[in-house]
A.B. asks: 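Sharing a structure, written as structure tokens. Questions coming.
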Amino acid sequence: MDPGTVPPDLLQTLFNSVNEGVFSVDTDFRITAINDSALRTLGISSHNAIGRTCSDVFQAAICVENCALRKAMDQGSHLHGVSTSIKGA
């Protein structure tokens with residue numbers, strides 16, 4: 001294996017081994033990846049999340065007026081201590 005290259009199946013295994021819900025979005029806030037823990041919390045399958053906007057999937061109070069992801073992308077930095085609730089979870 002080339003140093004610095006991680007096989008995709010290993011990345012997927014690591015991604016799904018995280019106990020916390022993790023997801024990624026593109027610049028249009030469409031979910032590009034979501035781990036098993038997040039899917040369990042939401043009670044949905046990946047095909048019901050991938051490609052949809054995170055606000056549609058999570059329906060969290062923070063999405064409408066105070067989007068933490070938008071702030072992080074705009075600032076180019078991490079946000080800490082942000083909490084919210086997810087509708088139905």
Side-chain angles (χ1 to χ4, degrees):
M1 178 166 69
D2 180 18
T5 303
V6 180
D9 58 330
L10 179 57
L11 285 176
Q12 188 65 38
T13 299
L14 291 170
F15 188 60
N16 284 321
S17 69
V18 177
N19 286 330
E20 300 294 327
V22 177
F23 68 101
S24 63
V25 297
D26 62 17
T27 55
D28 293 321
F29 299 94
R30 295 197 178 281
I31 296 175
T32 57
I34 187 165
N35 74 350
D36 290 343
S37 181
L39 293 170
R40 278 191 302 275
T41 298
L42 294 167
I44 62 173
S45 63
S46 62
H47 74 273
N48 288 323
I50 302 295
R52 292 178 57 202
T53 62
C54 51
S55 60
D56 286 343
V57 172
F58 291 100
Q59 298 181 15
I62 198 171
C63 294
V64 177
E65 295 180 13
N66 201 19
C67 177
L69 285 176
R70 184 176 305 281
K71 282 184 181 181
M73 288 174 152
D74 288 348
Q75 295 174 7
S77 63
H78 302 287
L79 298 179
H80 301 279
V82 177
S83 63
T84 191
S85 58
I86 298 170
K87 185 176 180 180

A.B. asks: Could you tell me whether Q75 atom CD has more than 12 heavy atoms of other residues or ligands within 6.0 Å of it?
C.D. replies: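 It does: Q75 CD has more than 12 such atoms within range.
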A.B. asks: Taking atom OG of S37 and atom CZ of F23, what is their separation to the nearest 0.5 Å?
C.D. replies: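 Nearest 0.5 Å value for the OG-CZ distance: 12.5 Å.
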A.B. asks: Establish whether V82 and M73 are linked, either directly or via other cluster members, by ILVMFWY side-chain heavy-atom contacts under 4.5 Å.
C.D. replies: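 Per the 4.5 Å side-chain linkage, V82 and M73 are not co-clustered.
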A.B. asks: Which residue pairs pass the side-chain hydrogen bond (donor to acceptor under 3.5 Å, both in side chains) test with at least one member in residues 61-73, sequence neighbours excluded?
C.D. replies: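 Only N66-K71 qualify under side-chain hydrogen bond (donor to acceptor under 3.5 Å, both in side chains).
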A.B. asks: Around atom CG of D9, are there more than 12 heavy atoms from other residues, nucleotides or ligands closer than 6.0 Å?
C.D. replies: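 Counting other residues, nucleotides and ligands, CG of D9 exceeds 12 neighbours.
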A.B. asks: Any pair with a residue in residues 23-36 that passes side-chain hydrogen bond (donor to acceptor under 3.5 Å, both in side chains), sequence neighbours left out, goes on the list, sorted by first then second residue, please.
C.D. replies: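 side-chain hydrogen bond (donor to acceptor under 3.5 Å, both in side chains) check on residues 23-36 returns S24-T32.
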A.B. asks: Is F15 reachable from L11 through a run of hydrophobic residues whose side-chain heavy atoms are each under 4.5 Å from the next?
C.D. replies: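 No.
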A.B. asks: Looking at L42, V22, V25, which one forms a side chain to side chain contact (heavy atoms under 4.5 Å, CB included) with I34?
C.D. replies: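 Between I34 and the candidates, side chain to side chain contact (heavy atoms under 4.5 Å, CB included) is satisfied uniquely by L42.
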A.B. asks: List, one per line, each side-chain donor-acceptor pair under 3.5 Å for residues 46-63, sequence neighbours excluded.
C.D. replies:
from	atom 1	to	atom 2	distance (Å)
H47	ND1	S45	OG	2.8
N48	ND2	S45	OG	3.3
R52	NH1	N48	O	2.7
R52	NH2	D56	O	3.4
T53	OG1	S55	OG	3.4
T53	OG1	D56	N	3.3
T53	OG1	D56	OD2	3.0
Q59	NE2	D56	O	3.4

